[in-house]
Trainee: 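Just dropping this structure here.
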Amino acid sequence: MTVESTAARKTTRRSSGTKRTASASAGAKKSQTSEPELVQLLTPEGERVQHPDYDIDLSADELRGLYRDMVLTRRFDAEATSLQRQGELGLWASLLGQEAAQIGSARALRDDDYVFPTYREHGVAWCRGVDPANLLGMFRGVNHGGWDPNSNNFHLYTIVIGSQTLHATGYAMGVAKDGADSAVIAYFGDGASSQGDVAESFTFSAVYNAPVVFFCQNNQWAISEPTEKQMRVPLYQRAQGFGFPGVRVDGNDVLACLAVTRWALERARRGEGPTLVEAFTYRMGAHTTSDDPTKYRADEEREAWEAKDPILRLRAYLEREGHADAAFFDALEEESETLGKRVREAVRSMPDPDHMAIFENVYADGHALVDEERAQFAAYQASFADGEVK
Amino acid sequence: MAVQKLPLAKALNESLRKALESDPKVLIMGEDVGKLGGVFRVTDGLQKDFGEDRVIDTPLAESGIVGTAIGLALRGYRPVVEIQFDGFVFPAYDQIVTQLAKMHARALGKIKLPVVVRIPYGGGIGAVEHHSESPEALFAHVAGLKVVSPSTSSDAYWMLQQAIQSDDPVIFFEPKRRYWDKGEVDTEAIPGELHKARVAREGSDLTLAAYGPMVKVCLEAAAAAQEEGKSVEVLDLRSMSPIDFDTIQTSVEKTRHLVVVHEAPVFYGSGAEIAARITERCFYHLEAPVLRVGGYHAPYPPARLEEEYLPGLDRVLDAVDRSLAY
Ligand SMILES: Cc1ncc(C[n+]2csc(CCOP(=O)(O)OP(=O)(O)O)c2C)c(N)n1
């Protein structure tokens with residue numbers, strides 16, 4: 001059964017653009033064979049529903065694991081937001097509300113798969129085993145990355161929107177050339193889907209049958225711009241025109257995100273090429289800590305989405321089925337606090353980079369001009385009285 | 001009220017408002033320029049007053065923004081497009097360099113491309129990667145483009161009007177760390193020419209030439225040098241393509257020393273062009289080689305290092321001392 005709650009249908013209609021002129025909506029209607037389907041396995045009330053194509057069977061242990069991932073990710077994210085408010089970070093891009101999309105998709109991955117994130121994939125990073133504190137360096141302003149992409153098969157955050165979808169495609173082309181059965185996943189947003197790079201990555205991946213999953217978190221907004229400013233046809237349907245399947249999944253349903261991503265990754269491994277997964281979700285907070293959503297967004301919209309909160313939904317299910325008891329939730333609460341404390345301490349004790357870091361790693365093989373400027377810079381720094389300038 | 005004290009960003013906002021009022025063909029386009037009023041609020045309130053057909057929130061596609069602006073210009077409109085940050089202009093760089101810059105020449109001058117590309121640029125605001133760069137030389141190097149940068153509220157107001165009125169494409173670099181600096185704007189004044197340099201402070205011992213965000217630093221350096229008994233002239237170049245070499249020459253013939261200051265990397269930067277031209281023009285007047293102060297041949301560093309990377313008072317004064325020591 002395909003579940004389409006009235007709320008979901010209302011929001012999907014918004015993104016198909018029927019609000020605009022009559023001719024635009026007529027065009028959008030015509031190009032759709034049916035109302036957008038939303039794969040769902042867990043209703044907002046936490047009731048388990050079946051889906052003919054994407055069902056999944058998880059043990060109580062696995063379900064608790066997903067819950068734990070989401071709770072700790074949210075705690076980490078909240079800690080980072082408050083660290084920004086306290087002046088410890090220059091900026092923070094919160095994932096609040098997108099935990100299910102990230103944890104569900106990331107828990108579908110194998111260790112040998114490779115991830116190409118944007119700047120908001122804190123939950124995916126968590127699942128890849130990247131130390132959360134490492135994510136904060138670039139937001140604090142001490143580095144532009146902060147981890148070795150190859151140690152967790154988790155690429156660096158990418159700020160220029162859409163760029164990484166091409167890198168993922170190329171990486172996947174390499175995987176296929178090597179005859180490996182790994183898969184690659186590229187994360188991006190609904191806004192990023194307007195970039196030429198994303199269209200080009202669709203073209204390349206289709207033409208070369210690359211084992212890549214495009215995982216778009218449609219959180220309804222690109223800073224101040226709603227999805228109607230990016231598209232007239234539901235995003236997942238775009239895949240069809242490039243010659244590969246597109247699926248829209250309830251992005252606040254961690255089970256559905258896991259099931260659909262697992263299916264798409266298996267297709268990739270079997271050599272059946274790319275898939276576009278559109279996780280229909282919501283950015284509950286501001287775009288970043290620099291943004292002011294009250295300028296463009298109604299409070300009621302957020303409230304409607306709060307009722308679909310991915311964490312509360314899974315909790316309701318765990319409780320209903322007796323998969324978790326009070327001791328579990330209490331222990332998790334404690335673990336969250338410990339994580340928050342650890343992150344806070346890690347950030348506060350994060351050293352500023354050495355001045356000479358400006359000249360480090362500009363080239364792999366070295367460069368005479370960099371050497372010259374480094375020497376001049378060092379001499380200049382040394383010319384100040386000790387302690388005046390560090 | 002003709003004279004107002006406005007922050008630079010507000011002066012740009014007033015300038016855009018005036019342009020929208022006085023010419024129905026002027027359009028504003030870009031990401032978040034509508035309801036939000038731009039991430040720096042430069043377009044604040046404009047969509048409310050001029051409607052979604054004049055102040056257009058675009059899809060997140062810089063190549064699309066500039067490419068469609070070209071088409072609109074071909075149809076008689078005067079689009080003013082906003083690129084959200086310096087580092088995000090590159091998806092549009094192809095359209096700007098291969099199309100916008102060359103179309104007028106290819107059409108034997110029969111078509112005009114009055115497109116303004118506004119780019120908040122430069123560092124000093126503690127931002128993350130791609131939000132602090134100074135790519136002006138990459139545009140100035142391309143024939144067919146004009147490249148300017150105001151440093152004061154008054155110039156922000158007037159130069160943007162002039163850029164919009166220009167029939168050539170203008171890359172309009174806005175010094176984002178000066179957005180909040182206030183200055184007087186006389187909305188009834190007769191503005192200077194768009195591409196003419198301004199003597200921001202007179203002096204007789206040495207010339208500092210700068211533009212955009214570095215003008216303020218150079219004025220501070222000149223004031224500090226004054227206390228040490230050195231008379232430093234500061235030029236605000238205002239335009240990087242074309243460059244007003246006559247004003248620089250006049251100044252250098254008087255002071256015999258020139259230091260060019262910009263945030264962009266020195267290597268292949270606008271300072272190199274100025275040094276070469278002025279050396280040609282003023283070889284027998286110069287008492288020291290033209291010196292340059294700017295960024296290093298390294299990616300713009302993370303925020304906690306940007307104060308080391310950006311030319312500050314000390315580095316400018318150090319160059320002043322070195323030049324005068326020849
Ligand atoms: C090429 C480019 N243009 C503009 C920006 C500025 N910017 C950063 S995030 C963003 C919105 C992205 O929205 P979306 O892709 O939907 O992802 P979300 O942030 O909502 O997760 C914009 C415009 C950018 N980073 N890169």
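On a predicted model such as this, the values are computed, not experimentally measured, just so you know.
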Trainee: Is there a side-chain contact between A:Q195 and B:P91 in this structure, where contact means two heavy atoms from C-beta onward sitting under 4.5 Å apart?
Mentor: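 Yes. Closest side-chain heavy atoms under 4.5 Å.
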Trainee: When only heavy atoms count and the cut-off is under 4.5 Å, which of residues 294-302 of chain B reach chain A?
Mentor: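 Counting heavy atoms that sit under 4.5 Å from chain A, the residues of residues 294-302 of chain B involved are B:Y296, B:H297, B:A298, B:P299, B:Y300, B:P301, B:P302.
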Trainee: With rounding to the nearest 0.5 angstrom, report the CG to CD1 distance, B:L305 to A:I358.
Mentor: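 Taking CG in B:L305 and CD1 in A:I358, the distance rounds to 5.0 Å.
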Trainee: If I measure from the heavy atoms of chain A, does B:E306 come under 4.5 Å with its side chain, its backbone, both, or neither?
Mentor: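 Interface part for B:E306: neither.
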Trainee: What residue pairs, at least two apart or across chains, pass salt bridge (Lys or Arg N to Asp or Glu O under 4.0 Å) with a residue in residues 85-96 of chain B?
Mentor: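 Counting only pairs at least two positions apart or across chains, the salt bridge (Lys or Arg N to Asp or Glu O under 4.0 Å) contacts touching residues 85-96 of chain B are B:D86-B:K176.
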Trainee: Can you give me the closest heavy-atom contact between A:F139 and B:V128, atom names plus distance?
Mentor: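 For A:F139 and B:V128, the tightest heavy-atom pair comes out as CA-CG1, 4.4 Å.
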Trainee: Let's test your reading of the structure: which of A:A222, A:A192, A:G196 forms the most heavy-atom pairs below 4.5 Å with chain B?
Mentor: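 Maximum pair count with chain B is reached by A:A222.
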Trainee: How about A:Y296: does its OH atom have over 12 heavy atoms from other parts shown lying under 6.0 Å from it?
Mentor: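 Count over threshold, so yes.
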Trainee: Quick one: pull up CG in B:L60 and OG in A:S194 and give me the separation to the nearest 0.5 Å.
Mentor: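 Between atom CG of B:L60 and atom OG of A:S194 there are 5.5 Å.
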Trainee: Which atoms form the tightest heavy-atom contact between A:V142 and B:R304, and what is the distance?
Mentor: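 Taking every non-hydrogen atom into account, CG1-CG, 4.0 Å.
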Trainee: Could you give the distance from OG1 (B:T58) to CD (A:E225), rounded to the nearest 0.5 Å?
Mentor: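 Going from OG1 on B:T58 over to CD on A:E225, the span is 5.5 Å.
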Trainee: Side chain, backbone, both or neither: which part of A:I223 has a heavy atom under 4.5 Å from chain B?
Mentor: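 Interface part for A:I223: both.
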Trainee: Go through the atoms of A:R140 and report whether side chain, backbone, both or neither lie under 4.5 Å from a heavy atom of chain B.
Mentor: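 Both the backbone and the side chain of A:R140 come within 4.5 Å of chain B.
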Trainee: Verify salt bridge (Lys or Arg N to Asp or Glu O under 4.0 Å) between A:K295 and B:D44, making sure each step is shown before the conclusion.
Mentor: CA-CA 10 Å; A:K295 298 263 303 183; B:D44 202 20; 3.1 Å; yes
Trainee: Using heavy-atom distances under 4.5 Å, tell me whether A:Y157 contacts chain B through its side chain, its backbone, both, or neither.
Mentor: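 For A:Y157, neither part sits under 4.5 Å from chain B.
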Trainee: Other residues, nucleotides and ligands only: do more than 12 of their heavy atoms fall within 6.0 Å of CZ on B:R75?
Mentor: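 Open.
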Trainee: Measuring heavy-atom distances to chain B, does A:D292 have an atom under 4.5 Å in its side chain, in its backbone, in both, or in neither?
Mentor: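 For A:D292, the contact with chain B is made by backbone and side chain together.
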Trainee: A side-chain contact here means heavy atoms from C-beta on lying under 4.5 Å apart; do A:Q230 and B:D57 qualify?
Mentor: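 Answer no - side chains too far apart.
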Trainee: Within the supplied structure, the quantity of interest is the number of heavy atoms (other residues, nucleotides, ligands) at a distance under 6.0 Å from B:H141 NE2; does it exceed 12?
Mentor: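 Not more than 12 within 6.0 Å, no.
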Trainee: Side chain from CB out, backbone as N, CA, C, O: work out which of these in B:Q84 comes under 4.5 Å of a heavy atom of chain A, or both, or neither.
Mentor: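 The answer is the side chain of B:Q84.
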Trainee: Taking side chain as C-beta onward, heavy atoms only, is B:F88 less than 4.5 Å from A:I159?
Mentor: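 Yes. Closest side-chain heavy atoms under 4.5 Å.
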Trainee: Which residues, numbered in order, of residues 257-268 of chain B come under 4.5 angstrom of chain A by heavy-atom distance?
Mentor: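 Counting heavy atoms that sit under 4.5 Å from chain A, the residues of residues 257-268 of chain B involved are B:F267.
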Trainee: When rounded to the nearest 0.5 angstrom, what is the spacing between CG in B:L36 and NE2 in A:H287?
Mentor: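 So the CG of B:L36 and the NE2 of A:H287 are separated by 10.0 Å.
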Trainee: For the residue pair A:F384 and B:D314, establish whether any side-chain heavy-atom pair is separated by less than 4.5 Å.
Mentor: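 SC-SC contact between A:F384 and B:D314 confirmed.
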Trainee: Roughly how far, to the nearest 0.5 Å, is OG1 of A:T158 from NE2 of B:H130?
Mentor: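 Result: 7.5 Å between the selected atoms.
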Trainee: Has A:F204 got more than 12 heavy atoms of other residues, nucleotides or ligands less than 6.0 Å from its CZ?
Mentor: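 Counting other residues, nucleotides and ligands, CZ of A:F204 stays at 12 neighbours or fewer.
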Trainee: Checking the side chain of A:Y380 only, and the main-chain atoms of B:D318 only, is there a donor and an acceptor separated by less than 3.5 Å?
Mentor: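 No, A:Y380 side chain to B:D318 backbone: no donor-acceptor pair under 3.5 Å.
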Trainee: Calculate, to the nearest 0.5 Å, the distance between atoms CZ and OG belonging to B:F90 and A:S163 respectively.
Mentor: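 Taking CZ in B:F90 and OG in A:S163, the distance rounds to 12.0 Å.
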Trainee: Taking only residues two or more places apart in sequence, or in another chain, which ones meet B:K102 in a salt bridge (charged side-chain N to carboxylate O under 4.0 Å, His left out)?
Mentor: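 B:K102 satisfies salt bridge (charged side-chain N to carboxylate O under 4.0 Å, His left out) with no residue once adjacent residues are dropped.
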